[in-house]
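Just dropping this structure here.
In this chain, residues are counted from 1 in sequence order. Basis for what follows: all heavy atoms, side chains included, without hydrogens, waters or symmetry-related copies.
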Amino acid sequence: CTQQHLETDWIGIHERICKPLRRLRKSPGFLGSEDERRARAAEEHALKEELLAISRRTGHKLLFEGKNELAMPAALHSLRFAIDLFGANNIEVVPSYLLLG
């Protein structure tokens, strides 16, 4: 990875998703009860939905502005979160694939 790639990723999407992504990747610690595990799973799902919305919106915005190279990291994150949420064969991943095209 070069400095230019890092800057493209940061400017394109990472600065917008850094905070929710950090919350998603944070270790949950010890989850003793079933209710705690369910609450953590619901929180993770909500964070992934938020990250998907941010990455899709950012990708669309950057493409509309003609900043295709900056839109690629957003499109890739969008696809990753869509697949995590819906599965690879779900119709919900199509908008993310279209961002890449």
Worksheet item: Side chain of S78, backbone of A74: donor and acceptor closer than 3.5 Å?
Response: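 Looks like no, no N/O pair under 3.5 Å.
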Return the CZ to CG distance between R57 and L62, rounded to the nearest 0.5 Å.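 So the CZ of R57 and the CG of L62 are separated by 12.0 Å.
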_4.5 Å side-chain heavy-atom contact, L47 and F81_ =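 Contact flag for L47/F81 side chains = no.
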- Any side-chain heavy-atom pair of R23 and E50 under 4.5 Å: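 They are in side-chain contact.
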Near E69 CD, under 6.0 Å, is it more than 12 heavy atoms from other residues, nucleotides or ligands?
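No, CD of E69 has 12 or fewer neighbouring heavy atoms, counting only those of other groups under 6.0 Å.
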How far apart are the closest heavy atoms of L99 and A75, and which atoms are they?
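So the two residues come closest at CB-CB, 3.6 Å.
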Roughly how far, to the nearest 0.5 Å, is OG of S96 from CG of L52?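 Interatomic distance, L52 CG to S96 OG, rounded to 0.5 Å: 5.5 Å.
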Check your understanding: Does a side chain donor of either H77 or R80 reach within less than 3.5 Å of an acceptor in the other side chain?
Key ->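 There is such a pair (donor and acceptor under 3.5 Å, judged by atom type) between the side chains of H77 and R80.
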* To do: Would you kindly confirm whether M72 and L79 end up in one hydrophobic cluster when ILVMFWY residues are joined by side chain heavy atoms under 4.5 Å apart?
  =>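 Yes, one cluster joins them.
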Notebook entry, point to check: Should we count CG of N89 as having more than 12 external heavy atoms under 6.0 Å?
Noted result: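 No, CG of N89 has 12 or fewer neighbouring heavy atoms, counting only those of other groups under 6.0 Å.
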R56 versus V93, closest heavy-atom pair with distance =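 For R56 and V93, the tightest heavy-atom pair comes out as NH2-CA, 4.3 Å.
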Please evaluate residues K48 and E44 with respect to the criterion salt bridge (Lys or Arg N to Asp or Glu O under 4.0 Å), reporting the C-alpha separation (whole Å), side-chain torsions for both, the decisive distance (0.1 Å), and the verdict. CA-CA 6 Å; K48 287 179 183 178; E44 284 181 6; 5.1 Å; no
Within the structure provided, determine whether E92 and L85 are in side-chain contact (heavy-atom separation under 4.5 Å).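 No, every pair of side-chain atoms sits at 4.5 Å or beyond.
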